[in-house]
**Student:** 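Right, I'll just put the structure down here and ask away after.
Naming: A, B, ... by sequence-line order, numbering from 1 per chain.
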There are 2 protein chains.
Amino acid sequence: MDTVFKALADPNRRRILDLLKKKDMSVTDLQEYFDFTQASLSHHLDVLKRADLVVTERRGQFIIYSLNISVFEEMANSVLNYFKYDKRK
Amino acid sequence: MDTVFKALADPNRRRILDLLKKKDMSVTDLQEYFDFTQASLSHHLDVLKRADLVVTERRGQFIIYSLNISVFEEMANSVLNYFKYDKRK
DNA sequence: AGTATCCATAGATATTCATCTATATATTAA
DNA sequence: TTAATATATAGATGAATATCTATGGATACT
């Protein structure tokens with residue numbers, strides 16, 4: 001849970017997730033959307049992977065990144081729960 | 001939006017929000033739940049305030065912190081939207 | 001087999017950030 | 001007005017992190 005929030009704290013990583021929402025992509029595909037180096041992109045993907053927000057699959061030379069849908073949905077629920085409160089004045 | 005995610009990235013700040021869900025509290029009240037110094041607590045509260053997640057009201061000597069409910073609910077919605085995706089395989 | 005491409009990893013650097021101590025500011029109490 | 005309490009702020013320090021260059025390991029192409 002902590003790793004998830006930390007993963008989401010970086011705008012570039014949120015952008016990556018946004019892109020993966022639309023379609024699965026290789027690192028090379030993703031690279032076109034960012035100015036930093038491939039090493040940095042790889043680092044961000046690693047953070048997302050450690051947070052279990054994305055999964056990978058090798059397809060020939062390429063490694064395809066996609067959302068980990070179950071965790072993504074779990075997160076949606078737990079975040080929603082998190083923002084629910086029940087304060088009595 | 002970025003400041004909100006950054007604010008949520010720290011577990012201590014999420015704990016503060018959890019506590020404020022139950023009731024409004026002064027810094028002194030909150031202090032009992034944490035081991036770090038008052039200065040550190042003040043810093044975390046500042047981050048939450050800059051993210052607009054909490055609001056303050058002076059009550060005598062005390063400064064009472066409470067959730068900024070509208071932003072909190074906004075956040076719930078936008079986060080939920082964030083986690084909704086529509087990927088076609 | 002050799003080369004090119006794709007991605008990850010190692011190591012360095014700079015920035016951000018969580019925390020501390022010390023102090024300033026505001027309010028209350030004596 | 002002086003002392004005590006509540007909170008914020010300034011400045012320092014160490015840890016975490018985002019980024020870079022350089023390189024390694026894997027697969028594909030010729």
Side-chain angles (χ1 to χ4, degrees), chain A residues 1-68 75 82, chain B residues 1-20 22-68 71 75 82:
Chain A
M1 198 61 177
D2 196 47
T3 55
V4 173
F5 274 112
K6 288 219 168 100
L8 292 172
D10 185 278
N12 290 315
R13 287 194 288 266
R14 292 200 300 279
R15 179 109 192 279
I16 291 172
L17 292 175
D18 274 334
L19 291 164
L20 294 181
K21 279 188 231 175
K22 303 201 189 90
K23 62 173 181 193
D24 302 345
M25 287 193 190
S26 68
V27 179
T28 310
D29 292 337
L30 285 166
Q31 185 69 67
E32 296 183 19
Y33 296 90
F34 299 96
D35 288 334
F36 44 66
T37 64
Q38 179 263 319
S40 295
L41 178 53
S42 230
H43 159 69
H44 285 304
L45 290 171
D46 185 52
V47 173
L48 291 171
K49 196 169 179 183
R50 284 174 194 281
D52 219 26
L53 285 165
V54 301
V55 294
T56 59
E57 170 203 355
R58 179 173 280 281
R59 207 171 289 167
Q61 277 175 294
F62 299 90
I63 303 228
I64 308 295
Y65 279 80
S66 54
L67 294 184
N68 186 346
M75 189 63 191
Y82 184 76
Chain B
M1 198 62 178
D2 195 47
T3 55
V4 172
F5 275 111
K6 287 220 168 98
L8 293 171
D10 185 279
N12 290 314
R13 287 194 289 266
R14 292 199 301 277
R15 180 109 192 279
I16 291 172
L17 292 175
D18 275 334
L19 292 164
L20 294 181
K22 303 199 189 93
K23 62 175 180 191
D24 303 345
M25 287 192 189
S26 69
V27 179
T28 308
D29 291 338
L30 285 165
Q31 185 68 68
E32 295 183 21
Y33 296 90
F34 299 96
D35 288 333
F36 45 66
T37 64
Q38 178 264 318
S40 295
L41 177 53
S42 231
H43 159 69
H44 285 305
L45 291 171
D46 185 54
V47 173
L48 291 172
K49 197 170 180 184
R50 283 173 195 283
D52 219 25
L53 285 164
V54 302
V55 294
T56 60
E57 170 203 355
R58 180 174 277 283
R59 208 173 288 168
Q61 278 173 291
F62 300 89
I63 303 224
I64 307 298
Y65 279 80
S66 54
L67 293 185
N68 185 347
V71 170
M75 189 62 192
Y82 184 76

**Student:** Are Asp18(A) and Arg15(A) within salt-bridge range, i.e. N to O under 4.0 Å?
**Tutor:** no
**Student:** Write down the distance between CD (Glu57(A)) and P (dA8(C)), rounded to a whole number of angstrom.
**Tutor:** 14 Å
**Student:** What heavy-atom pair brings Leu48(A) and Ala7(A) nearest, and what distance separates the two atoms?
**Tutor:** CD2-CB, 4.2 Å
**Student:** Does a nitrogen or oxygen in the side chain of Ser40(A) sit under 4.0 Å from OP1 or OP2 of dA18(D)?
**Tutor:** no
**Student:** Can you measure Lys49(B) atom NZ to dT7(D) atom C1' for me and round it to whole angstrom units?
**Tutor:** 11 Å
**Student:** Is the gap between the ring centers of His44(B) and Phe34(B) under 6.0 Å?
**Tutor:** no
**Student:** How close or far is atom P of dC20(D) from atom CD of Gln38(A), stated in whole angstroms?
**Tutor:** 11 Å
**Student:** Between dC7(C) atom P and Leu30(A) atom CG, what is the distance in whole Å?
**Tutor:** 9 Å
**Student:** Minimum heavy-atom separation for Thr3(B) to Arg50(B), with atom names?
**Tutor:** OG1-O, 4.3 Å
**Student:** Using OP1 and OP2 only, check whether a side-chain N or O of Arg13(A) sits under 4.0 Å from dA18(D).
**Tutor:** yes
**Student:** Out of dT19(D), dT9(C), dC20(C), which nucleotide sits closest to the side chain of Ala39(A)?
**Tutor:** dT9(C)
**Student:** Could you state the atom-to-atom distance from CZ of Phe62(B) to C1' of dA4(D) in whole Å?
**Tutor:** 12 Å
**Student:** Classify the side chain of Gln61(B) versus the base of dA26(C) as yes if they form a donor-acceptor pair under 3.5 Å and no if they do not.
**Tutor:** no
**Student:** Is the phosphate of dT19(D) approached by Thr37(A) (side-chain N or O, under 4.0 Å from OP1 or OP2)?
**Tutor:** no
**Student:** Between atom CD1 of Ile64(B) and atom OG1 of Thr28(B), what is the distance when rounded to the nearest 0.5 Å?
**Tutor:** 9.0 Å
**Student:** CD of Gln31(B) versus P of dT5(D): gap in Å, rounded?
**Tutor:** 15 Å
**Student:** Is there a side-chain polar atom (N or O) of Arg58(B) under 4.0 Å from OP1 or OP2 of dT27(C)?
**Tutor:** yes
**Student:** Would you tell me if any nitrogen or oxygen in the side chain of His44(A) comes within less than 4.0 Å of OP1 or OP2 on dT17(D)?
**Tutor:** no
**Student:** For Asp35(A) and for Ile63(B), locate the closest nucleotide of DNA chain D by heavy-atom distance; then report the residue assigned to the nucleotide nearer the 5' terminus.
**Tutor:** Ile63(B)
**Student:** What nucleic acid atoms does Asp46(A) come within less than 4.0 Å of, heavy atoms only: base, sugar-phosphate, or nothing?
**Tutor:** nothing
**Student:** Taking only side-chain nitrogens and oxygens of Ser42(B), does any of them come within less than 4.0 Å of OP1 or OP2 of dA8(D)?
**Tutor:** yes
**Student:** Rounding to a whole Å, what distance do you find between Ile16(A):CD1 and dC7(C):C1'?
**Tutor:** 14 Å
**Student:** Using whole Å, report how far CZ of Arg15(B) lies from P of dA18(C).
**Tutor:** 17 Å
**Student:** Verify the contact: side-chain N or O of Tyr65(B) to OP1 or OP2 of dA8(D), cut-off strictly under 4.0 Å; return yes or no.
**Tutor:** yes
